[in-house]
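A short write-up of the structure that comes next.
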Amino acid sequence: MAYDSDNIFAKILRGEIPSEKLYEDENTYVFMDIMPRANGHCLVIPKAPARNMLDATPDQLAACLATVQKMGHAVMKAFGADGVTVQQFNEAAGGQEVFHLHYHVLPRHEGKALRAPGQMADFDVLKSQADQIRAAL
Ligand code: AMP
């Protein structure tokens, strides 16, 4: 399947729509998920186009995972989490909804389930959680 440069994360990378940015380096960009399934739920994406894991280059995957690890440490610290869940979906049948490679980084607390998907964040709360993560980086 081809990469569609009109996907929402490509628009975020081009600055055409806003995002609550947490971190960026030469190859990756990190921002808050607007429908967070846990406090501090963020997304790591490569800056160069890749539809998902299946067409990404090994270098893109390595760059993303290095940033995933960095964000894992940051969210653990920011929220006093007990663990981190990392999720990554490939194609619609694999659960993917936005077709630009992304990794979900979800801080977890013992015994606390993820929230149901599809619930829009309160943007003031999202911003204050983003401040906590930026401070922990
Ligand atoms: P999936 O492709 O299944 O991993 O789901 C896409 C994820 O992107 C969901 O968790 C959405 O909440 C999230 N999402 C969709 N649009 C935006 C956006 N504009 N900013 C931040 N997160 C988004």
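Computed from a predicted model, the values in this text were never measured in an experiment.
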Given 3.5 Å as the limit, does a donor-acceptor pair link the side chain of Q132 with the main chain of F79, or not? no

Would you please test N52 and E91 for side chain to side chain donor-acceptor pair (under 3.5 Å) and show each step? CA-CA 7 Å; N52 55 41; E91 299 300 334; 2.9 Å; yes

Under a 3.5 Å cutoff, is there a donor and acceptor pairing between the side chains of D25 and Y29? no

Hydrophobic cluster membership, with links at side-chain heavy-atom distances under 4.5 Å among I/L/V/M/F/W/Y: are [X] and [Y] in one?
{"X": "V75", "Y": "L137", "result": "yes"}
{"X": "V44", "Y": "I8", "result": "no"}
{"X": "V105", "Y": "F89", "result": "no"}
{"X": "I34", "Y": "M32", "result": "yes"}
{"X": "M71", "Y": "M76", "result": "yes"}

Over all atoms of both residues, closest heavy-atom pair of [X] and [Y]:
{"X": "A121", "Y": "P36", "value": "CB-CD, 3.5 Å"}
{"X": "P107", "Y": "A38", "value": "O-CB, 3.6 Å"}
{"X": "F99", "Y": "A92", "value": "CE2-N, 3.9 Å"}
{"X": "N27", "Y": "A63", "value": "CB-CB, 3.9 Å"}
{"X": "S5", "Y": "A10", "value": "O-CB, 3.4 Å"}

Nearest 0.5 Å, please: how far is [atom2] in [Y] from [atom1] in [X]?
{"X": "Q129", "Y": "L126", "atom1": "CD", "atom2": "CG", "result": "6.5 Å"}
{"X": "T28", "Y": "H102", "atom1": "OG1", "atom2": "NE2", "result": "15.0 Å"}
{"X": "Q96", "Y": "Q88", "atom1": "CD", "atom2": "CD", "result": "7.0 Å"}
{"X": "S128", "Y": "I133", "atom1": "OG", "atom2": "CD1", "result": "10.0 Å"}
{"X": "L22", "Y": "C42", "atom1": "CG", "atom2": "SG", "result": "5.5 Å"}
{"X": "R108", "Y": "N39", "atom1": "CZ", "atom2": "CG", "result": "12.0 Å"}

Could you give me the CA-CA distance, side-chain angles and deciding distance for Q87 and Y103, then say whether side-chain contact (heavy atoms from CB on, under 4.5 Å) is met? CA-CA 6 Å; Q87 292 180 323; Y103 290 82; over 6 Å; no

Looking at K47, I want to see if its NZ is surrounded by more than 12 non-hydrogen atoms of other residues, nucleotides or ligands under 6.0 Å. yes

Give a yes or no on whether Q119 atom CD has more than 12 heavy-atom contacts from other residues, nucleotides or ligands under 6.0 Å away. yes

side-chain contact (heavy atoms from CB on, under 4.5 Å) between M53 and L61, worked out: CA-CA 7 Å; M53 177 193 73; L61 298 175; 4.2 Å; yes

Using the ring pair (Phe, Tyr, Trp, His ring centres under 6.0 Å) rule, take H100 and Y3 through it: C-alpha gap first, then chi angles, then the decisive distance, then the call. CA-CA 8 Å; H100 181 109; Y3 180 80; 5.6 Å; yes

Among residues at least two apart in sequence or on other chains, which ones pass side-chain hydrogen bond (donor to acceptor under 3.5 Å, both in side chains) with R134? E20, D131

Sequence-distant partners of F123, ring-ring contact (aromatic ring centres under 6.0 Å, His included), two or more places apart: none

Do the rings of H41 and H104 sit parallel, tilted or perpendicular, given the 30° and 60° boundaries? tilted

Of T67, L101, L13, which meets side chain to side chain contact (heavy atoms under 4.5 Å, CB included) against I45? L13

Answer yes if the ring centres of F9 and F31 are under 6.0 angstrom apart, and no otherwise. yes

Is any side-chain heavy atom of [X] less than 4.5 Å from a side-chain heavy atom of [Y]?
{"X": "V84", "Y": "L106", "value": "no"}
{"X": "R37", "Y": "P117", "value": "yes"}
{"X": "M35", "Y": "D33", "value": "yes"}
{"X": "V98", "Y": "L43", "value": "no"}

